[in-house]
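What follows is a single structure, and I will ask about it in a moment.
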Amino acid sequence: MALTKQNKKRVPLVGPALALVAVLAAPAMAAQPDGETIIRNNCLACHSETGDKAAPFSRISEQRKTPEGWRMTINRMQALRGAKISPEDKRALIQYLADNQGLAPTEAEPYRYLLEQDTNRVEEGIDEGLGQMCARCHSGARFSLQRRSEDEWKRLVDFHMGQFPTIEFHSLARDRAWYDIAKNETAVELGKNFPLITPQWNSWKTAPKADLTGRWRVLGFVPGKGQFDAWMNAAKSESGYQLQLEGQYADGSKLSGSGNARVYTGYEWRAALTIDGVKMRQVMAADAKGGEMAGRMFPAAERAIGGELRAVRDQGEAEVIAVMPSLLRQGESAELTILGQHLEGDVSLGEGIEIEKVLERDDDSIRVLARATGSEGARSPSVGSASLEGGLSVYQTLARVEVVPANALTRIGGNGGEMEKVRAVYRAVGYSAGADGKAGTEDDLRLGYMPATWSIKPADEVAAHDKDEDFAGSIDAHGIFTPGDAGPNPARKMSANNVGRLTVIASVNDGDAQVRGEGSMLVSVPDFVRRVLD
Amino acid sequence: MKHLKSLNKKAHLINQAVSPEDVEDVVAMQTVVGCTATTDPGWELDPFGGLGSLCQPMESDLYGCADACWWPAQVPDTMNSYPDWGEGVAKADKDWRKLDGIFEDGE
């Protein structure tokens, strides 16, 4: 069972009555003041009015952020600066700031993984200087999801200096003129790379925003439960949308839930739903026309254990959205489900694929028994006039298995302590070799997710010597890795914690053979400071 | 360094890091989002991408580091931001179960 109902203690930001569901379910106050008034009422003890209409408030007006970024800022003002703001005003202020000083879709796009809390990855392409200065403690996405004037980036350097006075003594700081470099080089570079004013934002801010009301065909994955398909109804409410979700997992069991969504900046979908008794969060981005959304869903109490989520709006037209599973082995018969909406007309899975039997057929789902006799390669399944390009792959031999995430981090916890364990979920993706017959080359054909048997082994000689595989945790049949217990362990050398470096192995059946893929797992100590964005 | 011989594993690892550039290469390759590796030692990883040079168990010298604001993104810094963190838990290696996190991610 992957979903948990654990309730985590939190720093009371505005008082103990701040229950999440109540926050998102409460209708907006009838006489809700506008954003600028909320700032005047709550923030001017420290911030000042500039008299400049284009940038009316000191510091606040010189930044743009995601809804999570603004939430994190206000949380910090409450936790460290003594700011007092009602839950209603806070919600309205985050909405106002994200709508008026947010990020354009193209600005947020490269870093969506952090908004989605999908952090088991090694970031690529972070500028070396920014890596040494910023990304050695934070994710690269954390600062890349902010836009500030150069002066404002400089003030952020001063904030770090004042808040963390020993920062100059850290490695990569004490051995150079850290403050000078941070203020006169790094901040300038940040101002160039992530400036306050951009053509993208100027264009997005004035662009018409889509109404996301309607029926959404939803596909997703819940760790421990599997793939699901559902319908989600979004009806307008005062602060966003009221949601109803009904669907089924691949094994036929039902899922059902309801909740609320807010949309920030015209495209940032944030929903809180209770699905089968578990509080879940959806973080998605809507496309410009409001026809599709994509992102991730995860339990509110355990953001590391989530799965991808996709929603396609019912606009009255036939659409094939996915085939599950998305692969078929040559010469074998297998059950496949075509998922979509308004599925009417002849069914085809592509060249050389014989549909032996239609097992079940509906307007939004067609289950068939199919057999591939044709050549290896991608197919475009179709129903009537609707088709899905490359939606199904035929393969002869499973050439390699990729374990995702390739790099993951879990954290010890539990054992009677206050800190929960941070788990990770793994999936196996199969590939065939492609036309060149060689695995691991560019033309490899991605087949899709495949069922796997999971195991762990020590990552290297040191890990083997320290018996990390015995202490650091275990992986279950669903690919969910649970790290070891917190606390010093007298059974280990020097009473070390149950940390370790492991290799996670997926074994996938391919006829009579087995193909293995490996991922890297670091089992680490708790993160005692959890912020909206790491 | 060439006249010094490393006696223990940690010293050996330090010897292996020929230049700071090499250390940074290792860090860049190994660090998962949200990890601090470079603060020598890092919180999750050492500069060599391993665990060998970390303080272990972490409870044994936790305040020695938290007080000095060493990993403020992962451990509440008691110097400035959260002076009361760890109050009532004088010996972290004995009373670690009472150590709570700072959850600044509330709605």
Check your understanding: When you check the gap from the basic side-chain N to the acidic O, do Glu44(B) and Arg411(A) get nearer than 4.0 Å?
Key -> yes
**Study point:** Top of Pro165(A), Gly162(A), Gly500(A) for chain B proximity - count of heavy-atom pairs under 4.5 angstrom
**Key:** Pro165(A)
Exercise for review: Measure from the side-chain N and O atoms of Arg270(A) to the backbone N and O of Tyr264(A), and report whether any donor-acceptor pair falls under 3.5 Å.
Suggested key: no
Revision key, fill the gap. Of the listed Ala141(A), Ala459(A), Gly414(A), Ala486(A), the one with the largest count of heavy-atom pairs under 4.5 Å with chain B is Ala486(A)
Review point. Contact part of Asp175(A) toward chain B, heavy-atom cut-off under 4.5 Å: side chain, backbone, both or neither?
Key: neither
Check your understanding: Do Asp468(A) and Arg492(A) sit within salt-bridge range, that is, some charged N less than 4.0 Å from a carboxylate O?
Key -> yes
Check your understanding: Between Glu59(B) and Asn497(A), does any side-chain donor sit less than 3.5 Å from a side-chain acceptor?
Key -> yes
Point to revise | Selection from Ala173(A), Pro526(A), Gly487(A), Ser524(A) maximising heavy-atom pairs under 4.5 Å formed with chain B | key: Gly487(A)
Exercise for review: With a 4.5 angstrom heavy-atom cut-off, could you sort out which part of Pro405(A) is near chain B: side chain, backbone, both or neither?
Suggested key: neither
Review point. Is it true that a side-chain atom of Asn489(A) and a backbone atom of Ala491(A) form a donor plus acceptor pair closer than 3.5 Å?
Key: yes
Review point. Of the backbone (N, CA, C, O) and the side chain (C-beta and beyond), which part of Met79(B) lies under 4.5 Å from a heavy atom of chain A, both, or neither?
Key: side chain
Study note, to complete from the structure: Applying a strict 4.5 Å limit to non-hydrogen atoms, the region of Arg531(A) in contact with chain B is both
**Study point:** Region of Arg303(A) that comes under 4.5 Å of a non-hydrogen atom in chain B
**Key:** side chain
Point to revise | N-O pairing of Arg530(A) and Asp527(A) below 4.0 Å | key: no
